Amino acid sequence: MKRVKIKDILQKGEPGNEVVVKGWVRTKRGSKNVNFIALNDGSIIHNLQVVVDVDNFDDSLLRDINTGAALSVSGKLAESAGSGQAIEMIAEKVELLGGADPDKFPIQPKRHTLEFLRENAHLRFRTNTFSAVFRVRHAMAFAVHKFFNEKGFNYLHTPIITASDAEGAGQMFRVSTLDAKNPPLTDEGEVDYTQDFFGKATNLTVSGQLEGELGALALGEIYTFGPTFRAENSNTTRHLAEFWMIEPEMAFYDLKDNMDLAEEFLKSLIKYALDNCMDDLQFLAGRLKQEEKSKPQNQRSMDLIEKLEFVLNNNFIRITYSEAIDILINSKPYKKKKFQFPVEWGVDLQSEHERYLVEKHFNCPVILTDYPKDIKAFYMKQNADGKTVGAMDVLFPQIGEIIGGSQREESLEKLETRMKEMNVPAKEMDWYLDTRRFGSVEHSGFGLGFERLILFITGMGNIRDVIAFPRTPKNAEF
RNA sequence: UCCCUAGUAGCUCAGUUGGUUAGAGCGGCGGACUGUUAAUCCGUAGGUCGUAGGUUCAAGUCCUACCUGGGGAGCCA
């Protein structure tokens with residue numbers, strides 16, 4: 001008999017069907033005559049209730065059916081006599097595929113903290129919460145490709161190993177095959193990277209953008225979706241040393257087109273989750289509600305599904321950096337001196353300011369544009385005012401910056417001037433500047449932190465809980 | 001990296017102004033129970049109190065350093 005997934009049984013199974021299921025035991029309970037096994041195979045958040053008539057099975061077999069054990073069960077589907085489920089399975093043959101010693105298996109049928117499960121990241125997929133998170137994560141990855149594919153974008157694989165250190169997006173991880181203890185040295189006593197594997201110093205990528213621009217200025221629209229590495233000593237709930245980023249780059253797009261795309265993209269992802277992951281989202285919403293109960297009233301957030309629907313159904317607020325500064329200066333917390341950091345035109349906004357705008361003033365996702373040029377990267381489009389650049393940051397409640405992007409400067413002259421001012425080595429970037437030398441056109445792009453998106457969709461609070469095996473300072477387990 | 005905070009049973013925690021033998025709930029194990037829903041009821045085992053020093057007649061409790069976790073900040077996606 002062919003194995004049937006529990007998802008199919010729960011959605012399409014008919015009483016009387018003979019089936020085989022394979023999965024892992026979540027709990028076993030029951031009385032002298034009958035046992036109930038909640039079996040889960042990862043295909044859906046719900047368990048299949050397997051009913052075991054104790055008289056028909058070996059005592060020792062039943063004893064070994066503990067939480068975490070893997071079983072193959074064949075039997076007949078039946079309408080459930082209990083009230084918790086519509087359909088269940090009457091076991092005829094039970095095979096223990098792999099036991100799980102209850103003294104040693106750490107995931108027991110009780111509430112565990114996320115911190116404990118994080119330390120057991122290799123087993124946390126076995127829990128409802130994490131199986132839901134990772135099914136949603138998969139669905140979102142698929143939805144990213146679906147969105148861009150339907151729009152005619154090309155998925156471009158930009159390099160993971162790169163020699164360019166030009167974007168200044170953060171500290172980089174060195175990639176080298178030199179002997180760390182005893183590297184070859186130059187006459188000046190510096191490490192001689194000409195003898196290294198690539199003949200020069202190389203690092204893990206912090207962004208595929210620059211290479212992405214090269215693709216966009218020929219293919220029209222491209223996007224990247226791959227791992228990204230930042231060797232920053234960041235210890236927060238929103239940062240990882242290894243994370244996944246999506247970076248679309250589009251020729252002939254100005255800043256407004258860029259914003260339109262970012263908003264449409266985020267909404268299409270949210271819609272995909274609502275349309276395809278409702279079971280998991282409902283579970284996660286319930287989990288969140290439970291967690292929120294312990295918080296003071298004023299810190300509680302909206303129901304997860306309501307929040308997703310709210311973002312889907314409302315336009316993002318679009319304001320300039322300068323307008324944001326005005327709003328902040330006229331705000332209550334500013335007047336009462338509640339902000340810790342100063343607010344004046346020219347400073348970068350702190351997260352307390354962003355949170356005020358998004359969570360208090362507008363209570364809605366916000367796109368901030370046209371930042372002062374001195375706090376943004378060299379490649380951004382210089383505005384006519386001479387002071388600002390065509391940057392855009394999409395700010396989400398709780399998460400903060402979920403997207404950062406800009407229109408790119410297409411004028412060779414302006415770009416070279418800016419690079420000189422900001423000490424970006426133009427010589428090493430000659431390949432990048434060639435796009436401005438030959439057939440340069442206006443173009444734009446942005447970067448979306450994939451894990452930050454998953455935080456928002458799942459309502460999880462810590463970025464380490466939405467990636468399978470988080471890499472953070474002092475942590476590269478598993 | 002900075003600030004705050006925590007580390008006691010497998011897990012979640014309690015442990016009074018320092019004072020005999022360190023507790024509970026959950027989980028585990030044994031038993032009971034005619035269909036249970038994280039079942040219920042009875043019983044039972046389980047601890048180098050994060051590590052290393054120090055103060056003291058006496059340290060889970062006080063002090064110092066380190067390690068690890070959590071929250072916040074910075075950096076950013």
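Numbers restart at 1 for each chain; the letters A, B, ... are given by sequence-line order, proteins then strands. Here the structure is a predicted model, which is why all the values come from computation and not from measurement.
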Inset, instruction - Both distances under 3.5 Å, Watson-Crick or G-U wobble: report the partner of B:rA38, or none. - result: none
Inset, instruction - Scan A:Pro106 against the nucleic acid and name what it touches under 4.0 Å (heavy atoms): base, sugar-phosphate only, or nothing. - result: nothing
Inset, instruction - Check whether any side-chain N or O of A:Asn33 sits under 4.0 Å from OP1 or OP2 of B:rU34, and answer yes or no. - result: no
Inset, instruction - Could you tell me whether A:Asp103 contacts a base, only the sugar-phosphate backbone, or nothing, with contacts defined as non-hydrogen atoms closer than 4.0 Å? - result: sugar-phosphate
Legend entry - Side-chain N,O (A:Thr236) to OP1/OP2 (B:rG74) below 4.0 Å: no
Legend entry - Contact under 4.0 Å: A:Arg118 side-chain N or O vs B:rG70 OP1/OP2: yes
Inset, instruction - Could you state the atom-to-atom distance from CG of A:Leu39 to P of B:rU36 in whole Å? - result: 20 Å
Legend entry - Minimum-distance nucleotide to A:Lys110 side chain [options: B:rG35, B:rC26, B:rG71]: B:rC26
Inset, instruction - In whole angstrom, give me the gap between the C1' atoms of B:rG27 and B:rC11. - result: 7 Å
Inset, instruction - Sticking with atom C1', work out how far B:rG47 lies from B:rG15, rounded to a whole angstrom. - result: 14 Å
Inset, instruction - Run the salt-bridge test on A:Asp280 and A:Arg137 with the 4.0 Å N-O cut-off and return the result as yes or no. - result: no
Inset, instruction - Just name whichever nucleotide pairs with B:rU55, Watson-Crick or G-U, keeping both distances under 3.5 Å, else none. - result: none
Legend entry - Any N/O donor-acceptor pair, A:Ser234 side-chain to B:rC75 base, under 3.5 Å: yes
Legend entry - Value rounded to 0.5 Å, distance of CE in A:Met392 from CG in A:Asp370: 11.5 Å
Legend entry - Rounded distance in Å between the C1' positions of B:rG18 and B:rC57: 12 Å
Inset, instruction - May I ask you to say what A:His112 touches in the nucleic acid, namely base, sugar-phosphate or nothing, with a heavy-atom cut-off under 4.0 Å? - result: sugar-phosphate
Inset, instruction - Using the P atom on both, measure B:rA9 against B:rC4 and round to a whole Å. - result: 27 Å
Inset, instruction - Please round to the nearest 0.5 Å and tell me the distance separating atom OH of A:Tyr356 and atom NZ of A:Lys332. - result: 8.0 Å
Inset, instruction - Can you figure out which of B:rG28, B:rU1, B:rC33 approaches the side chain of A:Pro102 most closely? - result: B:rG28
Legend entry - Any A:Arg26 side-chain nitrogen or oxygen under 4.0 Å from OP1 or OP2 of B:rU37: no
Legend entry - Pairwise P distance for B:rU12 and B:rG71, with rounding to whole Å: 15 Å
Inset, instruction - Could you tell me the separation between the CG atom of A:Asn47 and the P atom of B:rA39, rounded to a whole number of Å? - result: 11 Å
Inset, instruction - Ignoring backbone atoms, establish whether A:Ser31 has a side-chain N or O less than 4.0 Å from OP1 or OP2 of B:rU36. - result: no
Legend entry - Charged N-O contact under 4.0 Å between A:Asp254 and A:Lys381: no
Inset, instruction - Can you figure out which of B:rU1, B:rU37, B:rG72 approaches the side chain of A:Thr237 most closely? - result: B:rG72
Inset, instruction - From the options A:Leu395, A:Ile317, A:Val358, select the one residue that forms a side-chain contact (heavy atoms from CB on, under 4.5 Å) with A:Leu368. - result: A:Leu395
Inset, instruction - Please determine if A:Asp465 and A:Arg118 form a salt bridge, counting it only when a charged side-chain N lies under 4.0 Å from a carboxylate O. - result: yes
Legend entry - Euclidean distance for P, B:rC29 against B:rU20 (whole angstrom): 35 Å
Inset, instruction - Could you check whether A:Gly404 gets within reach of a base, just the sugar-phosphate, or nothing at all, counting any heavy atom under 4.0 Å? - result: sugar-phosphate
Inset, instruction - Report the base-pairing partner of B:rA22 (Watson-Crick or G-U wobble, both distances below 3.5 angstrom), or none. - result: none
Inset, instruction - Answer with base, sugar-phosphate or nothing: what part of the nucleic acid does A:Lys104 contact at a heavy-atom distance below 4.0 Å? - result: nothing
Legend entry - Closest-nucleotide ordering on RNA chain B, the 5'-leading residue of A:Asn233 and A:Glu119: A:Asn233
Inset, instruction - Hey, could you give me the OH/CG distance between A:Tyr155 and A:Asn149, rounded to the nearest 0.5 Å? - result: 12.5 Å
Inset, instruction - For the residue pair A:Phe148 and A:Phe153, categorise the inter-ring angle as parallel (less than 30°), tilted (30 to 60°) or perpendicular (more than 60°). - result: tilted
Legend entry - Nearest-Å distance for atom pair CD/C1', residues A:Gln85 and B:rU37: 7 Å
Legend entry - Pairwise C1' distance for B:rG31 and B:rG70, with rounding to whole Å: 41 Å
Inset, instruction - For A:Ile246, report the nucleic acid contact type (base, sugar-phosphate, nothing); a contact means any heavy atom under 4.0 Å. - result: nothing
Inset, instruction - Give one of base, sugar-phosphate or nothing for A:Leu453, where a contact means two heavy atoms less than 4.0 Å apart. - result: nothing
Inset, instruction - Under 4.0 Å between any heavy atoms, over every strand shown, what does A:Asn235 touch: base, sugar-phosphate, or nothing? Just pick one. - result: base
Legend entry - N or O in side chain of A:Asn120 less than 4.0 angstrom from B:rC11 OP1/OP2: no
Inset, instruction - Select base, sugar-phosphate, or nothing to describe what A:Glu242 touches, counting heavy atoms under 4.0 Å on all strands. - result: nothing
Legend entry - Watson-Crick/G-U partner (both atom distances under 3.5 Å) of B:rG43: B:rC29
Legend entry - Pairwise P distance for B:rA73 and B:rG30, with rounding to whole Å: 49 Å
Legend entry - Distance test, side-chain N/O of A:Asn462 to OP1/OP2 of B:rG71, below 4.0 Å: yes
Legend entry - Distance in Å, A:Tyr321 OH paired with A:Trp345 CH2, rounded so as to fall on 0.5 Å steps: 6.5 Å
Inset, instruction - For A:His46 and B:rA38, give me the distance from atom NE2 to atom P, rounded to whole Å. - result: 14 Å
Legend entry - Note: A:Glu421-A:Arg418 ion pair, threshold 4.0 Å (strictly below): yes
Legend entry - Short side-chain N/O contact from A:Arg29 to OP1 or OP2 of B:rU36, under 4.0 Å: no
Legend entry - Stacking check A:Phe450 vs B:rA77 (5.5 Å / 30 deg): no
Inset, instruction - May I ask you to say what A:Phe243 touches in the nucleic acid, namely base, sugar-phosphate or nothing, with a heavy-atom cut-off under 4.0 Å? - result: base
Legend entry - Of residues 348-376 of chain A, the positions that come close to RNA chain B - non-hydrogen atoms, cut-off under 4.0 Å: A:Gln350, A:Ser351
